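Below: one structure, written as structure tokens.
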Amino acid sequence: MQEKAQILSENDIDRIIKRISHEILERNRGSESLVFIGLQKRGVPLAKRIAENIKNFEGAEIETGKLDITFYRDDIGKNIKPTAQITDISFDIEGKNVILVDDVLYTGRTVRAALDAIIDFGRPKSIQLVVLVDRGHRELPIRADYVGKNLPTSHNESVEVKLKETDGEDSVTLVVGE
Amino acid sequence: MNMLSKKSIVDAGSLEPEDIELILSNADSFLEISRRDVKKVPTLRGKTVINLFFEPSTRTRTSFEIAAKRLSADIINFSSSSSSLKKGESIIDTLKTILSMNVDLIVIRHSDSGTVKMIDRFVDIPVINAGDGKYQHPTQALLDLYTIQKRFGKFEGLKVAIVGDFLDSRVARSDMDLFEKMGMEVTIVAPTMFLPEDYSEMNVRHNIDEVIKDTDILYILRMQLERQDRKFYPSVMEYNRFLTLDMKRLEEMKPGSVVMHPGPVNRGTEITDEVMDVGGTLGEKIAIEEQVTYGVAIRMAILYLILG
């Protein structure tokens, strides 16, 4: 038996992304030295939207890349063998403030892998984390710098994020049960 | 679940279409890693791969070595000329020694056809055939497919001409298996002495000029000088007349067509010096260096899919 409850609507998501875009500019005192890296797969469109907002607010074009962390996972060999998606970071991250973007923050293992991967590309000045939803249950000492929505969940629930670019609509839904 | 259908890769013919698709679809990510400043990911940390080469090889061995290292696996090279080892029994003894050292995967090259199949039956760990005798060289065929995919974006209906010593070539056998599996039209260009006894099922031409204008992929085989256990082709001049790719023939090839060769090239025999060194638009037809680059990505994808 599956139960679903919508947590965020299209308008909610839009407001959140605008708010986070402002927060990033505020904390970094403008857009200079910023680069965005979206985590495959739904972090990628989120990163693009934030970069687009910042372009509208400040007129600045910000480099935006994609990162797939498959090869950095700590559970490879445990019967999961995802086909890796494209990693495309075609700019220098040395000395930059890297804004890492993902849809859901859960155990923190994906972010751990992403940090390792990013550092293989160079030594950024800082790495800051944006997540649309933080659902708790961290297994590693990792936190987000910008959170769209804190959503207390239990382990038997899952958070389903849909975005127009990947799924045709914008919504965040809490799914209970199998 | 994304896994290969078998534990080992022994021959190209037994790869399922899904296996081929899976390997090719993973290769792009590994190509990207090879283009980074730091060309290494931690994926296979702690795994041990042994390169067991009973026959000389530079590029295949190096390619596997680079592939394993870029995935953070440890790789050990074990080379031995087949003459110093008696066949059969002593190979098994060598394997027993290696297995006792808890190796995770064996890459094997051997001069006797069928050795890899025998070894695969004997050991529990995965085995990758890096070329055995005149039988098979499946990873070469996979990297050839990947090169074709990158150039043409499709396989169906492409016309391939495989030129040269088909009989002695394990590359040709593996390529033929995969090319036909992917829906390409394969023609063999060779004199009868380079063909198997019964070639009635094969589409054969004896002169490269018969296919040069119409072919999408000119796949030129290496003259296997070390495998000539019968009389060598009459003369290089004779070879040049019927099979060699020279400038005149290169210029006749249609737009978008490519030239491939598994390497190393015997300059002046299969391909002339001028063609090997040609630049410009004609030079873009030569995909030999691409094949080498893509070979590393394909071998990374295979190691990842088997060991990851």
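Since this is a predicted model, take the numbers as computed values, not measurements.
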Worksheet item: Does CD belonging to A/Glu169 count more than 12 external heavy atoms closer than 6.0 Å?
Response: yes
Item to complete: Please indicate whether A/Gln6 has more than 12 foreign heavy atoms, meaning atoms of other residues, nucleotides or ligands, lying under 6.0 Å from its CD.
Response: yes
Worksheet item: Around atom NZ of B/Lys6, are there more than 12 heavy atoms of other residues, nucleotides or ligands at under 6.0 Å?
Response: yes
Worksheet item: Could you name the residues of residues 42-67 of chain A that have a heavy atom within less than 4.5 Å of a heavy atom in chain B?
Response: none
Discussion item. Sort by residue number and list every residue of residues 32-40 of chain B having at least one heavy atom under 4.5 Å from chain A.
Written reply: B/Glu32, B/Ile33, B/Arg36, B/Val38, B/Lys40
Show which side-chain atoms of residues 23-30 of chain B pair as donor or acceptor with protein atoms under 3.5 Å away, not counting sequence neighbours.
from    : atom 1 : to       : atom 2 : distance (Å)
B/Ser25 : OG     : B/Glu21  : O      : 3.1
B/Ser25 : OG     : B/Leu22  : O      : 3.1
B/Asn26 : ND2    : B/Leu22  : O      : 3.0
B/Asp28 : OD1    : B/Tyr146 : OH     : 2.5
B/Asp28 : OD1    : B/Lys150 : NZ     : 2.8
B/Ser29 : OG     : A/Ala84  : O      : 3.4

Response to the item:
Across all chains, not counting sequence neighbours, the salt bridge (Lys or Arg N to Asp or Glu O under 4.0 Å) partners of B/Asp177 are none
Worksheet item: Should we say atom CZ of B/Arg45 is surrounded by more than 12 heavy atoms from elsewhere, each under 6.0 Å from it?
Response: no
Practice prompt. State whether the number of non-hydrogen atoms from other residues, nucleotides or ligands found under 6.0 Å of B/Glu289 atom CD is greater than 12.
Written response: no
